[in-house]
Amino acid sequence: MQEFSSKYDPKETEEKVYETWEKSGFFNPDVCVEKGVTPKNAEIFSMVLPPPNVTGTLHIGHAFEDTLQDIVVRYARMQGKRTLWIPGTDHAAIATQSKVEKEILKNEGKSRHDLGREAFLRRVNEFAKASHDTIVRQVKRLGSSLDWSREAYTLDEQRNFGVRTAFKKMYDLGLIYRGDRIVNWDPKMQTTVSDDEVEWLEEKIPFYYLKYGPFTIATARPETKFGDKYVVMHPDDERYKKYKDGEKLQLEWINGPVTATVIKDPVIDMEFGTGVMTITPWHDMTDFEIAMRHNLTMEQTIDLNGRLLPIAGEFAGQHIKNARSVVAEKLQKKGLLVKTENNYTHRVATNSRGGNIIEPQIMKQWFVAVNKPFRSGFFKKTTLKELMREAVASGKVRITPERFEKIYFHWIDNLRDWCISRQIWFGHRIPVWYKGEEIYAGIEAPTGEGWEQDPDTLDTWFSSALWPFSTLGWPKETKDLTTYFPNSLMAPGYEILFLWVARMILTSGVLLNEIPFRTVLIHGIVRDSKGRKFSKSLGNGIDPLVLADTYGADALRMALIIGAAPGNDIKFDEQRVKGYRNFSTKIWNIARFISMNKPESADPARVDINNRREIQELAALKKEVTAYIESFDFHLAGEKIYHYIWHTLADKIVEAEKKVLRDGSEQEKLTSDALLEKLFLDSLKLLHPFMPFVTETVWQEFRPGTILMVEKW
RNA sequence: GCGCCCUUAGCUCAGUGGUAGAGCGUUUGCAUGACACGCAAAAGGCCGCAGGUUCGAUCCCUGCAGGGCGCACCA
């Protein structure tokens, strides 16, 4: 055994240890089988890393997420399971594109159009590659035991083939369609975004009461109402009983006389405002639905750049955000403004990627139909919505903590068709070609002249949705797919339960007639010490690598895990990392103590210690820790083992050993030493999933040539 | 509006149907065969409020208050 240095330096040792693991090949379950570490018929444990976006670097939330997973994976591996954990990264279409666009604009004053599609994409890919390399380095630094030989990227060749295949299959089933529907349009980024990517922000604005013929209507957005020619009220509203559904009225409006039609619809809230409103179906989701129900004509008022169209008369060409006050002014001049309420709380739709205001538009886009019945071998006749619900309701997929199942169902109930086409360049090109009126959807381009591919790309979540099986080689019937699918576990944060988890269940159900994973372990968000989210604008970011370098990745892992009950947010406090750094040192010093005081003739095999109380105590602890890990209560498991090592093993047993060394007989010394070493090494095993680096380092000092990572639990 | 969660020691949080635990912090000793990133000890809590179930509730139920979040969306 080597001499233990007086101080444990995590920074120095951790990188070396990771190299040892990588060289061993044991991150790859097939190597474990080949080398006889894992039996061929061992139970399977498989998982895919939620792929980090290639938009820069990892933050502390990734460190938390990766640690959770690494604990499960290391535990499974030590349990003797055939354990696979696949790494990868996500191209994150819109997020990455907008990041690069901003950078190029800032540094070179050029837009993506100045560069052109091809040159711009080259730039984005370069950026993505650099981010990827940084991310991989970071993930390794934190100790994640991933099988790098199977690394995937949501935008690589293999995954692109999967995306095209998925699109084609769902198109053939009638589950992907092209249609004119209202979508969330970001005029600044010039693209649609899905409902789940819209973020509603509150703002205080004036609320206008306007004279609309015999009615008074209330609105927060007079600047959109030029084309309003339907006036809607509740069928049971006594106040407006004398107006009949479909009745036509002549009235004076912003730019002159219009013919208005009365519509009766029960969505109207009689209590709100005056109980009457006019509708703008082209630019409002609710209005659009009313118009669809009553088969009304719809007219565009705002163009795709956010400017008013000729329908606005004298205001045509004005940007929508400047129009409100001038339109209100004109209304007042015409005597149409009844009153203004100030300080009205309004919710504005913004794009969560970039924060621009959303102006809904009716556009021809590609959608996934969630309410359309279709036939599917396993699920019989169903809809995607039912399929998603059924997978969880039946218990085939278990979401834990359980409360997230309720949230999941609630979301499904309110789900609308998913808009999957984006007008950005970076991403999977939609596998559809046009020639005049002809449309061709296929995995490969059609033969023949004159076909032109759809210029749009797919929502990034469309490719992420395939992740649990695209990483295993689907659509090819690979050995990996038959061996490792469905995945045992998936461990995402609750903020992507809908964006991602639900959609993986969807695609897997349609394309493979199977659930993508058996268990979903949901975790919370890491917040700063004041409870705020980490964000660039607040500048409160903490670099996990700086922490790992200062205190050790082990310490960072412990600080993130202990005190974090499943699914709960955690407030991050650097003090805690420091505390667990001290614990690493403690372990190092126990090792030092044992090696310094080892009797010359020590041979553990010669002494029988099986009946010792301490052995049974540790066995009981092992049982407890195991149960906690099995139930995903890592915070309890980690605390237990931490407490045992420090306050029992070090404080009690090591102290007792000192007495034996001083006063005991030769035989007592041998027994005591054997006992101590056994207890120490066994507790290292229990701690290994949590603090893989110190435990491995110390283990290899005591058991040269072996690797703790693949020792039996 | 519908739904989910939280309220426990100064701080951050675990936890259990039998009147409570950790880390950090605080106080007091201590250079004791590894460790001051340490050792030994201590102080500190009507477990948000009000009812109910129970032999017994911090834990289960109901209501209330405060805080957080999700969905829907109010024109």
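Only a predicted model underlies this, so the values are computations on that prediction, with no experimental measurement involved. So that the names make sense, note that chain A is the first sequence line, chain B the second, and so on, each numbered from 1.
Within 4.0 Å of Phe207(A), counting heavy atoms only, lie sugar-phosphate atoms of the nucleic acid but no base atom. Note on Ala565(A): only backbone sugar-phosphate atoms sit closer than 4.0 angstrom, heavy atoms only; bases stay farther off. Looking at heavy-atom distances under 4.0 Å, Thr219(A) makes contact with sugar-phosphate atoms alone, never a base. Contact annotation for Glu271(A): no contact, since no heavy-atom pair falls under 4.0 Å across all strands. When heavy atoms are screened at a 4.0 angstrom cut-off, Ile562(A) is found touching no nucleic acid atom at all. Among the protein residues, Gly524(A) comes within range of no part of the nucleic acid, since none of its heavy atoms lies under 4.0 Å from any strand. As judged by a 4.0 angstrom heavy-atom cut-off over every strand, His635(A) is placed among residues touching the sugar-phosphate backbone only. Within the nucleic acid shown, Ser584(A) has no heavy atom closer than 4.0 Å to any nucleic acid atom. Within 4.0 Å (heavy atoms only), Val232(A) reaches no atom of the nucleic acid at all. Within 4.0 Å (heavy atoms only), Phe498(A) reaches sugar-phosphate atoms of the nucleic acid but no base atom.
With rC35(B), rA14(B), rA22(B) as the choices, the nucleotide that has an atom nearest any side-chain atom of His643(A) turns out to be rA22(B). Relative to the side chain of Leu636(A), the nucleotides rG23(B), rG15(B), rA34(B) differ in distance, and rG15(B) lies closest. Checked against rC73(B), rA34(B), rC71(B), the side chain of Arg347(A) finds its nearest nucleotide in rC73(B). When distances run from any side-chain atom of Asn414(A) to the nucleotides rG33(B), rA34(B), rA72(B), the shortest one goes to rA72(B). Between rA34(B), rG70(B), rG15(B), one nucleotide has an atom nearer to the side chain of Ile407(A) than all others, and that is rG70(B). Closest approach to the Arg403(A) side chain among rA22(B), rC35(B), rC5(B) is made by rC5(B) (side chain taken as heavy atoms from C-beta onward). With distances taken from any side-chain atom of Lys7(A) to the nucleotides rA34(B), rC37(B), rC13(B), the minimum falls on rC37(B). Listed candidates were rC71(B), rA22(B), rC35(B). Nearest to the side chain of Asn589(A) is rC35(B). The listed nucleotides are rC37(B), rC2(B), rA34(B); the one nearest the side chain of Thr585(A) is rC37(B).
Along RNA chain B, the nucleotide nearest to Asp651(A) and the one nearest to Asp633(A) differ in position, and the one closer to the 5' end is contacted by Asp633(A). Along RNA chain B, the nucleotide nearest to Arg662(A) and the one nearest to Met277(A) differ in position, and the one closer to the 5' end is contacted by Arg662(A).
Taking a pair as Watson-Crick or G-U wobble with both distances under 3.5 Å, the runs of three or more consecutive pairs in RNA chain B are B:1-7 with B:65-71, B:10-13 with B:21-24, B:26-30 with B:38-42, B:48-52 with B:60-64.
In Glu203(A), the CD atom is crowded: over 12 heavy atoms of neighbouring residues, nucleotides or ligands sit closer than 6.0 Å.
rA9(B) and rA14(B) are spaced 13 Å apart, taking the P atom of each and rounding to whole Å. rU32(B) and rU7(B) are spaced 45 Å apart, taking the P atom of each and rounding to whole Å.
Between the Thr274(A) side chain and the Thr216(A) main chain, a donor and an acceptor come within less than 3.5 Å of each other.
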How does protein contact run along nucleotides 24-30 of chain B, one letter per nucleotide 5' to 3', with B for base contact, S for sugar-phosphate only, - for none, heavy atoms under 4.0 Å? S------
Might you work through the ring pair (Phe, Tyr, Trp, His ring centres under 6.0 Å) test for Phe534(A) and Phe572(A), ending with a clear yes or no? CA-CA 10 Å; Phe534(A) 289 111; Phe572(A) 187 77; 7.2 Å; no
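Look at Arg416(A) and you'll find a side-chain N or O under 4.0 angstrom from OP1 or OP2 of rC73(B). The phosphate of rG21(B) (OP1 or OP2) has no side-chain N or O of His647(A) nearer than 4.0 angstrom. The phosphate of rC39(B) has OP1 or OP2 within less than 4.0 Å of a side-chain N or O from Lys586(A).
Here the straight-line distance linking atom CG of Asp569(A) with atom CD of Glu495(A) works out to 9.0 Å at 0.5 Å rounding.
Met558(A) places its CE atom 14 Å from the C1' atom of rA14(B), with the value rounded to the nearest Å.
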